[in-house]
Every structure is written in structure tokens, then in C-alpha cells.
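Comments concern the structure below.
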Number of protein chains: 2
Amino acid sequence: MIALDANGADRGPATVAEGGRLSGSEVTLFGPEASLNGFAPVVDAPVAIGNDEEPVRAVRNKPDASIVQAVRAVADGTADAAVSAGATGAALAAAVLHLKRMRGVHRPGIAVMIPVPGAPTLMVDVGANVEVRPEHLVQFAYMGSAFMEAVHGVDRPRVGLLSIGEESKKGTPDVVAAHERLASAQASSINFIGNVEGTDVTAGAADVIVTDGFTGNVALKLMEGTAKTVVGAVRDAVRSSPVSMMGGLLIRGAVGGLRRELDPNTTGGAILLGVRGIVVIAHGGSTAEGIANAVRVAQRAVDERVTERTGAALEAGGALRSAPTATVAPIDE
Amino acid sequence: MIALDANGADRGPATVAEGGRLSGSEVTLFGPEASLNGFAPVVDAPVAIGNDEEPVRAVRNKPDASIVQAVRAVADGTADAAVSAGATGAALAAAVLHLKRMRGVHRPGIAVMIPVPGAPTLMVDVGANVEVRPEHLVQFAYMGSAFMEAVHGVDRPRVGLLSIGEESKKGTPDVVAAHERLASAQASSINFIGNVEGTDVTAGAADVIVTDGFTGNVALKLMEGTAKTVVGAVRDAVRSSPVSMMGGLLIRGAVGGLRRELDPNTTGGAILLGVRGIVVIAHGGSTAEGIANAVRVAQRAVDERVTERTGAALEAGGALRSAPTATVAPIDE
């Protein structure tokens, strides 16, 4: 069962519920029951956590918030995964506090699929960690690779490290150090292709792009903004004369498919990597179809045992925080 | 007179020479005389510095390299400015070694105009400094503002700090600290509008975008890549059927103007801010018109006394490295 947070989506709880229904998965809604009449099983959870609240404090102070209840359902085994279109920070905080990090993971990362036409690409981290150390970047690489292999069926995903030049010495000292680690020891367990530059990201040069959460967040929003600006400028140009408007009508069908490919609704949202369970965060502006796609990503991550495979990939790469032994205690927050 | 480095451009010295002629400025070429027959005054300088050479070492070891001679012509007052389509690192190193930093400037920054349709926007730094401290970001803000005002005639340019949220506390600790300084003391001398996000950059939300050289370089290349991918995908979609191909022919004229607006050749290249003279770096792939535009930017920076005005802006903002007094010694490299 997927625990679906009905709060926080721009289009309201009913759209989330409709998305849950469309997904085809078994779904339980966590949200304001009064707004969800007639839908699948509901756990009444009217309390929401907004984007403007400090996430960790809000999760602690509002144990009844829908996102907290949804994540706790995963923690106690009632649900297989949680999906939310609410505040990303709240989902992350709830996951870290209630699911906990995976054994040996320094920091969870937020991964998203970039809508590269014809070459879907995963970027991690896009905002969980504004500052990272080299070992964090190394873990993002293994976690992202395991996710792409499990959920998107990519065989030996090409993993690139986002930097300002292809040479191994280009970038910040942390990026250079991460490059060195990924290129050396036990590297055979990952398909590391070296540094990738900004121009490579949308060219399909890698299946997984590894970066810190500051650069990743700026990059993600910049791609959204640039695509929107270019598409808008093409539209304005087309509308600038009767002849080109006629041309615009003739290309409408062909360009419509591209618009769908670039639409964040089609990518299924962001996923938290490095926590003990599956949490998917849909775009706040998701349509019902966008919510359904996020639920499908979560279901696929469950079916393909992403959490276990991520742990195995980290271990195989020697990228865990400490040597794994039977006596390592669970890591507390 | 503008010292124009004829080496290092992808299309060769003759294209650079042609660009110099097109610019309408008084130009002296620094390059291989043998390839430049019949053009304006030439200083024979066949030695080039490539992109693959370590810039500081190359500038030191090759005092006769064309970029070094061009920059030294500025330093000794023979030339008013230097323009090159060669390696950015070499131009930066030559400028720092031979022109020196401006008094009170921590680190020069590389600024470029982002081709936002209808709203040309300056981004600084795009690669001179992979790591920065808050006071560096503050200086980039003042230098970028002075440049936009002087060269692009923008009155009180809106200066934004690139981050991952609009709130002043969002971003890395260095970004948060820079925000605080820009928002407070003597802030009236700059039009600081706060943090801007990735989506704002191409939306014309600010005239000057301030960031570190790692993020800025990734961002710049990402915008180039995304614009190219989207334009290419539109083209592919248009070519996918006879009907849409017909439409494509009808919009060709209208979209051609947009293509020119997005073309790096039209923006005139990058400019070094914070050194004691004007150095402009054209895109390596520049056409003759691209070179001409870079020379025009340099000429305008000379005519509008950008160096002096940048120094005055830093001083007015209290952003100089040390309190300016008459006894401050020149800063050596």
C-alpha cells in the first residue's frame, strides 16, 4: 500500500485523490477527510506543513500532520512507501526523523528526473544538502546509480560528476576529491564516466548527474526557467505575424509531444535516497496525472526493492560511512 | 586603440582580423603576421597559449604570447583595452599578472551577458573563482552593477544573489553572509533585490546575477545546453511530419530573430571585472561579427570609463578590501 499525502498540492486534496485512483496502485490517502468524500481509504489528517515552516521543528511539533503520519506508516510497516506533493523540506525532515538514514549513509539526497527529451537523466542532490563533503558526493553517485538501474532499468548507468571542465582536476577541492575516489578504489562496481559540464546535462551525456544540493537546486530551476523562456520566445516569435501564426498552427501537434516530454508532471517527482524506505515528492503544481506518475515511481521503487539495492550498491562500492559489521548500532538522528 | 589578440579563435586569425575591421574601432592585431597580410596594424606575435596549458605558468613562460603582449600594451598605456577569443584562463592570468588587481579588490571576476530575450542580464562570476568568500560575492555585486550602468546604460541595475530560495537565510553560509552584507550597510549605493533562484535568471528578474565561479560556470553552460536542446527538440518535432514541416517554413523568419538573440556571438563576450584595465574575452567560436561585438563592448567600456567607475562604486559601497587611504600601497600579485 502507498501512503499518499493529500495536503500541500497546489490543486488541492481532490486532485491528489484523483491521482491516487489513476495510479492503479493500492493507495491510502492521508488528508482532510471532509474534502475527500467518496475516495479510497482515508486516514483523517487535516493538519498540513507549509513551505514557509522550518521543516524539522514543524515535523516535531505537528506529529499529526499528514506527511508525518504518512511517513510513519512506512516506518511501522503499514505502508510500503509515502508520496507527497507538499513541502519537500517537511517530507525530508519526516523521513530523516521517522524512517532514519540507511546504515552507513552520511546524508540523504534528493534526486529528480530531468526531462531530457529521449534521455531521462537523474540528478542528485537537488537541495537536501547545501554543503557537502567528498564522501557525500560519492554516496550520491552509488545511490543514484542503484536507483536508475532498479527503477528505470538502465544497465550500468553512466554516472557523471557535475563540474566546470572534463579534466579530473577541474572544480572545487571537494569535487576534485570526489572525482578521485569515484575513479579509483572499487570503481568497477560503478560506471563512473568522470566530470560532466553544464552543456552535457541536457545532452544525455550521463544517466546520473552527481552534485551538491546548492548547485543541483540552482541547476534544476535554471533548466526549468530556460526551457520555459525559450519555448515562450518561440511562441512569441510565432505570434508576431499572420504568416508565422499559420505556421504555428501547423506545428502545434508535433510540438505538443515535446511539451509533454518537458512537463515536470511526466517525470514523477523527486525521490529521497539514503533513508530506510521509499518517499517520493511530486511537483507542487502536479495534475492528477502527475500525482499518479509519482505513485507509480514509488510503486516501482517498492517492487524493485530500491532501498535494499541502494544499500548493497553502497556496500559493494566501499562507500559506507563505516566498515559494515554485524554489531554496528542503528544510527540515530 | 584596442589590442586584439588574433590567436586562439576557432575560426582562425583572419576571422579575428575581419572582426576587428568590422568593429569600426581603431584596432591593432597581435598575432601571426604571416596569416594577417593586408590587415590593420599588426604586432607580430605568433606564439599562442592553448586551453590545455596551465594559465599562470604559460603566461610566465611565454612572455611573447599574443595575449600577454596585448595585455601588456594595456598595462603600459599603448592600448586602451585588450580583446581575445583565446583561452579565458590565459587572459585572466595575463590580466592579473600584468594589469594587476584594482586597489582593494580581493579577486577579479569574469562577467558575461546572458542572452535573455528582451532583458540582457549580466552574470558574475562565471569561472574565475571556484570558491569564494562572502566579501568576494559582495565585490562582484558592486563591480557588476557599475559595469551594467556604464556599458549597458541601465539605471540603478537590479542586483540579485543566486541562491536556492528567496528568503535571506536560504543558501550556503557564504551566500547567507553575502546577502546580509549587501542588504545592510551602505546598501543605498546599490540596488540589491535579494536572492534570485534559477527560474528567475532567464526571466529577466535581475540585471546583475551574482554567484561564485563554480555555480556560475555550471549555470552558464547549462543555459546554453538547455536552450540548444529545446531549440533542437522543437526543430525535430517540426521535421516529424510534412504538415509541421510546412509550418516550420512559415515560422522560419520569425524564429530567426530569436536565434540571433540567443546567439553568444551577439553578446560580445566576457569581461574581466576588478583588474586595472579593460579585457574582453570573446566566445572561442566567434564569427567576425562576434569579434566585432566584443571589440565594441571593450570600446564602450573604455569610453564610459568602466575601470574608474567600478573603483568608485566599490568605494561608495564600503566594499574595498581595506579602508582606502592615500598611503595604501599598490597590491602586488
Side-chain angles (χ1 to χ4, degrees), chain A residues 52 116-118 127 130-131 162-165 167 170-173 175 197-203 211 213-215 217-234 236-241 243-258 261-262, chain B residues 52 116-118 127 130-131 162-165 167 170-173 175 197-203 211 213-215 217-234 236-241 243-258 261-262:
Chain A
D52 51 341
V116 177
V130 294
E131 289 192 311
L162 189 57
S163 191
I164 60 172
E167 305 85 347
K170 290 273 185 169
T172 63
V175 167
E197 298 187 71
T199 37
D200 301 321
V201 173
T202 58
T211 188
F214 184 85
T215 309
N217 191 277
V218 166
L220 186 69
K221 290 175 179 167
L222 208 50
M223 285 185 278
E224 276 182 35
T226 306
K228 200 171 157 185
T229 298
V230 172
V231 168
V234 169
D236 290 350
V238 165
R239 287 182 181 162
S240 64
S241 85
V243 170
S244 58
M245 272 186 80
M246 173 74 77
L249 290 175
L250 297 178
I251 68 169
R252 178 175 286 186
V255 173
L258 172 66
E261 263 192 303
L262 293 174
Chain B
D52 52 341
V116 178
V130 294
E131 290 192 311
L162 189 57
S163 191
I164 60 172
E167 306 84 348
K170 289 274 185 168
T172 63
V175 168
E197 298 187 70
T199 38
D200 301 322
V201 173
T202 57
T211 188
F214 183 84
T215 309
N217 191 278
V218 166
L220 187 69
K221 291 175 179 166
L222 208 51
M223 284 185 279
E224 277 182 34
T226 306
K228 201 171 156 184
T229 298
V230 172
V231 168
V234 169
D236 290 349
V238 165
R239 286 181 183 165
S240 64
S241 85
V243 170
S244 57
M245 273 186 80
M246 173 74 77
L249 290 175
L250 297 178
I251 68 170
R252 178 175 286 186
V255 173
L258 172 66
E261 264 194 302
L262 293 175

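Worth saying up front: this structure is predicted, and the values here are computed from it rather than measured. Convention: sequence-line order gives letters A, B, ...; per-chain numbering from 1.
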Next on the checklist: Given heavy-atom pairs under 4.5 angstrom as the criterion, report whether the side chain, backbone, both or neither of B/Thr172 touches chain A.
Outcome noted: both
Checklist entry - Can you check whether A/Phe214's main-chain N or O pairs, donor with acceptor, with A/Asn217's side chain at less than 3.5 Å? => result no
Next on the checklist: Test side-chain hydrogen bond (donor to acceptor under 3.5 Å, both in side chains) on A/Thr229 and B/Thr202; report intermediate values, then the result.
Outcome noted: CA-CA 6 Å; A/Thr229 298; B/Thr202 57; 3.0 Å; yes
Checklist outcome for this item: Looking only at B/Leu162, B/Thr226, B/Leu220, B/Thr211, most heavy-atom pairs under 4.5 Å shared with chain A are made by B/Thr226
Checklist entry - So which of B/Ala203, B/Gly127, B/Ser241, B/Gly171 has the biggest tally of heavy-atom pairs under 4.5 Å with chain A? => result B/Gly171
Checklist entry - What residues, two or more places apart in sequence or in another chain, satisfy side chain to side chain contact (heavy atoms under 4.5 Å, CB included) together with A/Glu167? => result A/Lys170
Next on the checklist: A/Ser163: which residues meet the side-chain hydrogen bond (donor to acceptor under 3.5 Å, both in side chains) condition with it, sequence neighbours left out?
Outcome noted: none
